[in-house]
Each structure stands twice: as C-alpha cells, then as structure tokens.
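Quick note: numbers below take in every heavy atom, side chains included, and nothing from hydrogens, waters or symmetry partners. Computed from a predicted structure; not experimentally measured.
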Amino acid sequence: MALRINDTIPDLTVTTDQGEFSLHDWIGDSWAILFSHPKDFTPVCTTEFGAVARLADEWEKRGTKVIGVSVDGVEDHKKWKGDIETAGGAKPGFPIIADDGLEVSKAFDMLPAEAYLPDGRTPADSATVRSVFIIGPDKQLKLTMTYPMTVGRNFGEVLRALDALQTSAGQGVATPADWTLGQDVVIPTSVSDEDAKAKFGEFNTVLPYLRMAKLPG
C-alpha cells in the first residue's frame with residue numbers, strides 16, 4: 001500500500017548499528033527525517049550521509065532526529081561510517097537501519113512487495129530506495145522526495161523544507177516558493193481579512209486569494 005502525506009508511518013521494529021527499537025518510540029515527541037539509500041559503499045550516497053552528518057547542529061536546533069536506511073547489514077553500516085567521516089569531514093552520529101530484508105523499503109513503498117535482493121546484487125537492484133521522508137511528532141508523513149542514483153540530494157533544501165513545515169504547523173500559515181526563515185508567509189484563504197488583521201496586523205493583498213504577512217513578534 002502506498003504511503004501518502006498525512007498517513008501514519010508504520011511502527012516497525014528496526015535493527016540499526018545503534019541497536020534495535022520501534023520507529024514510533026525512537027521518534028517520540030520529535031520531528032524526524034528518514035533518508036534511504038540503495039547500498040553501502042556507494043559514491044553518491046557516501047557524500048549524502050556526510051552532508052547529513054555536517055548538519056548535526058542544525059537538526060538538533062530544530063528538535064529533529066535523523067535516521068538512515070540502507071539495504072545492507074549492521075556490520076557493513078559500521079564500516080561504512082568510517083568512509084563517511086573520511087569523505088564528509090564529520091562523524092555520522094545518527095543510526096542507520098539495516099534493511100537487508102527490505103521490510104522498511106517495502107513498508108515505505110520504495111520497493112514493490114515482491115522485490116528481493118539477488119545474489120551478487122548491485123545498487124541498481126534497489127535503485128528506488130532513494131527517498132527522504134519528513135515525519136512529524138504525530139508520526140504522520142509530512143513530506144517526501146525521491147531522487148535517482150545519479151543525483152545527490154540537496155540537504156540544504158531538506159532543511160529549508162523542514163523549517164517551512166515546522167512554521168506552517170506551529171503558526172497556522174503557508175509558505176511561498178523559495179521561502180526561508182524570516183521571510184513573509186502566506187495567510188491561508190480560510191482566514192478572513194478581519195482575523196488576519198487581528199493576528200498579523202498589516203498584510204499585503206497581492207491577489208484576492210494571495211495575502212502575504214510577516215509572522216508576529
């Protein structure tokens with residue numbers, strides 16, 4: 001079954017290089033980002049894990065946990081982390097799920113139910129396991145994006161999207177294209193002009209259905 005935005009993610013018990021736990025228990029009251037990879041010791045994925053490791057302070061500022069998924073075993077993950085630190089210049093302190101049985105990949109709809117890993121497999125056999133999932137404290141999927149193996153993900157955009165999600169959830173607003181923290185937000189069409197003025201003070205009516213405002217204080 002496809003996993004869609006606002007669906008509750010499966011509460012799987014996962015094995016990682018940092019032990020075994022339930023996904024829901026691990027998330028707790030935090031936001032979470034699950035990012036997946038088709039195989040350990042692959043070039044693009046190694047740079048991506050390094051990028052996530054370098055952003056450790058930014059994830060923490062936003063009350064967000066990060067966890068990787070790769071369809072290899074725990075021992076491979078532990079060895080791979082040395083390469084990630086060498087290439088990325090930061091220690092990857094987050095856990096990596098050992099999804100060699102494909103349970104997570106299938107539950108998150110990255111692979112079909114009948115998928116299996118053949119002997120002598122290559123990353124091409126699990127190429128679609130290349131997604132980012134942002135999950136709220138309510139354990140619901142808030143955003144997902146999927147990339148091909150040849151295109152490294154922009155984790156600056158993942159961070160920007162996380163800021164937008166947290167702002168929209170916390171402030172009852174929407175965010176326009178290319179929005180970053182501190183810029184004007186979109187007043188939802190469900191909010192009357194009177195209520196908008198009470199909440200935001202002055203606002204700019206660009207179009208009858210597009211009103212922009214600064215977040216209060």
Side-chain angles (χ1 to χ4, degrees), residues 1-40 42 45 48-49 51-53 55-56 59-60 62-78 80-81 84 92-118 121 123-149 153 155 157-159 161-166 168-170:
M1 182 182 293
L3 188 65
R4 298 182 176 88
I5 287 175
N6 295 328
D7 284 351
T8 299
I9 67 160
D11 187 18
L12 302 175
T13 297
V14 296
T15 301
T16 79
D17 63 307
Q18 297 181 7
E20 185 177 281
F21 46 76
S22 142
L23 279 179
H24 283 206
D25 287 347
W26 175 79
I27 293 169
D29 295 326
S30 302
W31 286 74
I33 299 177
L34 184 149
F35 53 103
S36 63
H37 298 265
K39 200 174 192 306
D40 293 358
T42 51
C45 296
E48 291 178 326
F49 271 80
V52 173
L55 289 169
W59 308 128
E60 186 174 356
R62 291 159 175 81
T64 299
K65 298 176 180 178
V66 295
I67 190 167
V69 179
S70 185
V71 292
D72 280 308
V74 165
E75 292 309 309
D76 280 339
H77 291 351
K78 290 178 179 178
W80 187 29
K81 278 190 168 180
I84 293 164
F94 50 83
I96 306 176
I97 297 170
D99 196 33
D100 41 358
L102 304 183
E103 183 182 15
V104 175
S105 299
K106 292 178 180 181
F108 279 77
D109 198 39
M110 293 181 281
L111 287 173
E114 66 273 16
Y116 68 97
L117 295 178
R121 75 177 181 91
D125 294 303
S126 48
T128 54
V129 185
R130 288 273 297 147
S131 296
V132 174
F133 301 89
I134 301 183
I135 302 152
D138 56 4
K139 317 303 185 293
Q140 291 181 359
L141 179 63
K142 304 301 182 184
L143 180 149
T144 183
M145 47 182 96
T146 301
Y147 286 67
M149 287 196 299
R153 283 167 276 193
F155 283 93
E157 164 58 15
V158 176
L159 197 64
L162 176 63
D163 284 338
L165 286 166
Q166 292 185 337
S168 61

Test M145 against V158 for side-chain contact (heavy atoms from CB on, under 4.5 Å), laying out the working first. CA-CA 9 Å; M145 47 182 96; V158 176; 4.2 Å; yes

Carefully, step by step, assess C45 and R130 under the rule side-chain contact (heavy atoms from CB on, under 4.5 Å). CA-CA 9 Å; C45 296; R130 288 273 297 147; 3.9 Å; yes

Take T64 and Q166 through the test side-chain contact (heavy atoms from CB on, under 4.5 Å) and record every step on the way to the result. CA-CA 10 Å; T64 299; Q166 292 185 337; 3.5 Å; yes

For a ring pair (Phe, Tyr, Trp, His ring centres under 6.0 Å) check, start with the C-alpha distance between F94 and W59, then their side-chain angles and the critical distance, and finish with the verdict. CA-CA 11 Å; F94 50 83; W59 308 128; 9.3 Å; no

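L3 contributes atom CG, which lies 9.0 Å from atom OG1 of T8 (distance to the nearest 0.5 angstrom). In this structure, the separation between CG on L34 and CD1 on I67 is 6.0 Å, given to the nearest 0.5 Å. Note that CD of Q140 and CG of D7 are 8.0 Å apart. Values are rounded to the nearest 0.5 Å. The structure places CD1 of I27 at 10.0 Å from CZ of F21, a figure rounded to the nearest 0.5 Å. Residue W31 holds its CH2 atom at 7.5 Å from CG of D138, rounded to the nearest 0.5 Å. F133 CZ to I5 CD1: the interatomic distance, rounded to the nearest 0.5 Å, is 11.0 Å.
Using a 4.5 Å heavy-atom threshold, the side chains of H24 and I9 count as touching. Taking 4.5 Å as the limit, some side-chain heavy atom of L23 sits within range of a side-chain heavy atom of I97. Within the 4.5 Å cutoff, the side chain of K39 has heavy atoms near those of the D72 side chain. Two residues are said to be in side-chain contact when any heavy atoms from C-beta on lie closer than 4.5 Å; D100 and V71 fail this criterion. Between L159 and R62 the shortest side-chain heavy-atom distance falls below 4.5 Å.
Across all their heavy atoms, L143 and A161 have their closest contact at CD1-CB, 3.8 Å. Residues E48 and H37 share a closest heavy-atom pair of OE1-CE1, 2.9 Å. Considering every non-hydrogen atom in both Q18 and P95, the closest pair reads NE2-N, 3.6 Å. Nearest heavy-atom pair across V74 and D17 is CG1-CA, 3.9 Å. Smallest separation of non-hydrogen atoms from S30 and K65: OG-CE, 3.5 Å. Across S70 and I96, no two heavy atoms sit closer than the pair N-CG2, 4.2 Å.
For R153 (side chain) and S131 (main-chain N/O), a donor-acceptor pair under 3.5 Å exists by modelled atom type. With hydrogens and angles ignored, the 3.5 Å screen pairs no side-chain donor or acceptor of D99 with any backbone N or O of V69.
Counted within 6.0 Å of CD on E60, heavy atoms from surrounding residues, nucleotides or ligands total 12 or fewer; the atom is thus considered open.
Between the side chains of D40 and H77, at least one donor-acceptor pair of N or O atoms lies under 3.5 Å.
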